[in-house]
*Asks:* 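Quick one: the structure is below, and I'll ask about it shortly.
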Amino acid sequence: MRYQELYNELRRTATFGPDSLSVAGGLTLRNFTFQSRIRHKFPKSVAVDAILAAVPQATDQERSDIRHLISAEDGEILENLNFRYHIIMPPGQERARKVIILFHGFNEKQWHKYLPWAADMAMRTGQAVLLFPMAFHMNRAPATWTDIRAMNRVSKIRRQIHPAVIDSSLSNVAISTRLHHLPERFIWSGLESYHDVMDLVDGIRAGTHPAIDDGADINFFSYSVGAFFGLTIMMTNKDANFSRSRYALFCGGPVFNRLSPVSKFILDSEASVILYSFLVEHLESHMRDNPALGDVLNGSVPEGWNFRSLLGYRDNLKYREDKFRNLAGRVYAIGLEQDDVVPPYEIHNTLQGSRGDIGIAVDVLDFPYMYRHEDPFPVVDRLADEVDAAFRDTFDRVAGFFGS
């Protein structure tokens, strides 16, 4: 099935309510319920009155929207704690002996883009593909964060408070506002996502997962910021569960301070500056001021230390590169020549090391049509042939890496 046909067919047939349903190509989509266990205290909500004082002309509804977005207690957002994840099973499989766990990009709310990627990998590798949402993303985000009217009101206020803001949009205003006022959310939500996946893997190894065998090989595929997540898992290798795992990255891999996340689909400029300042420029002082944050990033918590090593290029450089050397041969990355968010040369610089002597394979592709980081395979009729060829080239390489 051609890419555009596969995309349209999956968008039409793949629904996440039923426990199981047949989709394109004889594949089965299975949906499972998950409950997140919080292992840390989320940061306290922001005192919003001082923020709203800058816009005295705001209506009561606008104030309510801002207050709800900024002051919500993250640990009480039910959508983030109880949610569904999805597995695409190859034809004829009831319990998978191999599984690829797929991690999505930043600020995403829909799985549509990833369904044909997952379906193609499942068909060509014979491995089940598990689509797992990161904290406060996809179906783990409240519906109000994508409500057009509410986000339009928030965007209006945000532009009034920050008139010089670049690339503020209805798509990114929720996450930009939340991270602008509590940038440490980036760390805590990442660690929550990490522990969620460890709980998932523990369930698999205990033999309690109904669709995955307890001895299954567990591999990973990530896109964009999902690379931070996958690299943290591989570097930490909790309970040696991932000593044989293979990991493919698409449009991801650089450390945080080598990305350019300002985009109408990712973060606006004001949030990006604040997040960079928190995670890179002043992280040490924030760790001193916040003992809970310091405790998880100071080296005593392996996943926290590994996550921290992926923030600044020079920070923990030798440690990070030694870890990557141990992963060489089991990690493979694909970058795109025209990607402005994740520049391909920065994928090389991070994964292959400051001296270019780490044996992680990186391919850089380019496609004969206009594309962007957020949409490498646009579903456009006039580009159908070119996009299909680009998709096949990309996922031929991915399937070959995983063992088609």
*Asks:* Is the CZ atom of R149 crowded by more than 12 outside heavy atoms at less than 6.0 Å?
*Replies:*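 Check fails, neighbour count at 12 or below.
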*Asks:* Assess, by modelled atom type and distance only, whether the side chains of T232 and N306 contain a donor and an acceptor separated by less than 3.5 Å.
*Replies:*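 Absent: no donor and acceptor within the cut-off.
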*Asks:* Among L336, I334, D339, V387, exactly one meets side-chain contact (heavy atoms from CB on, under 4.5 Å) together with P376. Which residue is that?
*Replies:* L336
*Asks:* Give a yes or no on whether a salt bridge exists between D268 and R158, defined as a side-chain N under 4.0 angstrom from a carboxylate O.
*Replies:*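 R158 and D268: salt-bridged.
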*Asks:* Looking at F265, is its backbone amide N or carbonyl O close enough to the side chain of S263 to form a donor-acceptor pair, meaning the two atoms are under 3.5 Å apart?
*Replies:*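 The answer is yes, because a donor-acceptor pair under 3.5 Å joins these two groups.
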*Asks:* Would one find more than 12 heavy atoms of other residues, nucleotides or ligands at under 6.0 Å from atom NZ of K264?
*Replies:*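 Counting other residues, nucleotides and ligands, NZ of K264 stays at 12 neighbours or fewer.
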*Asks:* Minimum heavy-atom separation for I274 to L179, with atom names?
*Replies:* CG2-O, 4.3 Å
*Asks:* Check the orientation of F220 and F103. Use parallel for under 30°, tilted for 30 to 60°, and perpendicular for over 60°.
*Replies:*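 Ring orientation, 0 to 90° scale: parallel.
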*Asks:* Counting only heavy atoms not in Q57, do more than 12 sit closer than 6.0 Å to its CD atom?
*Replies:*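 More than 12 within 6.0 Å, yes.
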*Asks:* Please work out whether the ring planes of Y85 and H209 are parallel, tilted or perpendicular, with thresholds of 30° and 60°.
*Replies:* tilted
*Asks:* Strictly below 4.0 Å, N to O, side chains only: are K156 and E62 in salt-bridge contact?
*Replies:* yes
*Asks:* Taking atom types as modelled and ignoring hydrogens, do the side chains of E184 and W188 form a donor-acceptor contact shorter than 3.5 angstrom?
*Replies:*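 Yes, because at least one side-chain N or O of E184 sits under 3.5 Å from a partner of the opposite role on W188.
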*Asks:* Does R140 come within less than 4.0 Å of D196, counting only side-chain N to carboxylate O?
*Replies:*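 Yes, R140 and D196 are salt-bridged.
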*Asks:* Would R244 and D217 pass as an ion pair if we require N to O under 4.0 Å?
*Replies:*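 Looking at R244 and D217, the cut-off is met.
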*Asks:* Does a side chain donor of either N219 or R246 reach within less than 3.5 Å of an acceptor in the other side chain?
*Replies:*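 On atom types as modelled, these side chains do not qualify, holding no pair under 3.5 Å.
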*Asks:* Using a distance-only test with no angle check, is there a side-chain donor-acceptor pair under 3.5 angstrom linking S176 and E270?
*Replies:*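 No.
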*Asks:* Give me the ring orientation class for F132 and F34: parallel if the planes are under 30° apart, tilted from 30 to 60°, perpendicular past 60°.
*Replies:*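 If you compare the ring of F132 with that of F34, the planes turn out perpendicular.
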*Asks:* Using the salt bridge (Lys or Arg N to Asp or Glu O under 4.0 Å) rule, collect all pairs that involve residues 342-368, keeping only residues at least two apart or in two chains.
*Replies:* R258-E346, R325-D357, D363-R397
*Asks:* Mind checking whether H137 and F106 have parallel, tilted or perpendicular rings, split at 30° and 60°?
*Replies:*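 Judged by the thresholds at 30° and 60°, the geometry between H137 and F106 is tilted.
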*Asks:* Rounded to the nearest 0.5 Å, how far apart are CG of L231 and OG1 of T236?
*Replies:*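 Answer for the CG-OG1 pair, L231 versus T236, is 10.0 Å.
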*Asks:* On a heavy-atom basis, which atom in P91 and which in G25 lie closest, and how many Å separate them?
*Replies:*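 In this case the closest contact between P91 and G25 is CG-O, 3.7 Å.
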*Asks:* For the side chain of R97 and the backbone of A216, is there at least one donor-acceptor N/O pair under 3.5 Å apart?
*Replies:* no
*Asks:* Identify the two heavy atoms, one from G253 and one from L351, that lie closest to each other, and give their separation to 0.1 Å.
*Replies:*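 Residues G253 and L351, closest heavy atoms: O-CD2, 4.0 Å.
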*Asks:* Under a 3.5 Å threshold, yes or no: a donor from one side chain and an acceptor from the other, between Q338 and H373?
*Replies:*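 Result is no, nothing qualifies.
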*Asks:* Determine, for D213 against K98, whether the closest basic-nitrogen to carboxylate-oxygen distance falls under 4.0 angstrom.
*Replies:*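 Here D213 does not pair with K98 in a salt bridge, since their nearest N and O are not under 4.0 Å apart.
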*Asks:* Does R185 make a cation-pi contact with F278, if we ask for NZ or CZ under 6.0 Å from the ring centre and within 45° of the axis?
*Replies:* no
*Asks:* Do E108 and H104 have a side chain donor and acceptor closer than 3.5 Å?
*Replies:* no
*Asks:* Side-chain donor-acceptor pair under 3.5 Å between S36 and N80, yes or no?
*Replies:* no
*Asks:* May I ask you to decide if N349's main-chain N or O and Y313's side chain share a donor-acceptor pair within less than 3.5 Å?
*Replies:* yes
*Asks:* Give the ring-plane orientation class for Y369 versus Y371, where under 30° counts as parallel, over 60° as perpendicular and anything between as tilted.
*Replies:* perpendicular
*Asks:* Measuring centre to centre across the rings, with the benzene-like ring taken for any Trp, is Y114 within less than 6.0 Å of Y223?
*Replies:*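 Yes.
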*Asks:* Donor-acceptor check, side chain of E321 to backbone of S354, threshold 3.5 angstrom: yes or no?
*Replies:*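 Indeed, once roles are kept as given, a pair shorter than 3.5 Å links the two residues.
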*Asks:* So that I can tick it off, tell me whether D239 and R205 are bridged by a salt bridge, with the cut-off set at under 4.0 angstrom between side-chain N and carboxylate O.
*Replies:* no
*Asks:* Heavy atoms, side chains only, cut-off 4.5 Å: are I87 and V129 in contact?
*Replies:*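 Not touching, per the 4.5 Å side-chain cut-off.
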*Asks:* Report the relative orientation of the aromatic rings in W111 and H86; use parallel for angles under 30°, tilted for 30 to 60°, perpendicular for over 60°.
*Replies:*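 Because their plane-to-plane angle is over 60°, the rings of W111 and H86 count as perpendicular.
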*Asks:* Of the non-hydrogen atoms in A96 and M89, which two are nearest, and what is the gap between them?
*Replies:* N-CE, 4.0 Å
*Asks:* Step by step, would you call Y247 with F221 a ring pair (Phe, Tyr, Trp, His ring centres under 6.0 Å)?
*Replies:* CA-CA 6 Å; Y247 178 30; F221 174 96; 8.5 Å; no
*Asks:* For the pair R30 and D19, evaluate salt bridge (Lys or Arg N to Asp or Glu O under 4.0 Å) and give the outcome as yes or no after the intermediate values.
*Replies:* CA-CA 6 Å; R30 300 184 67 178; D19 290 340; over 6 Å; no
*Asks:* Side-chain contact, heavy-atom cut-off 4.5 Å: L81 with E76?
*Replies:* no
*Asks:* Parallel, tilted or perpendicular, judged at 30° and 60°: which one describes the rings of F377 and F250?
*Replies:* parallel
*Asks:* Quick test of your reading of the model: are D375 and K113 salt-bridged, counting only N-O distances below 4.0 Å?
*Replies:* no
*Asks:* May I ask you to decide if I218's main-chain N or O and S245's side chain share a donor-acceptor pair within less than 3.5 Å?
*Replies:* yes
*Asks:* Has the side chain of N31 got a donor or acceptor atom that lies under 3.5 Å from a matching backbone atom of R84?
*Replies:*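 Such a contact is absent between N31 side chain and R84 backbone.
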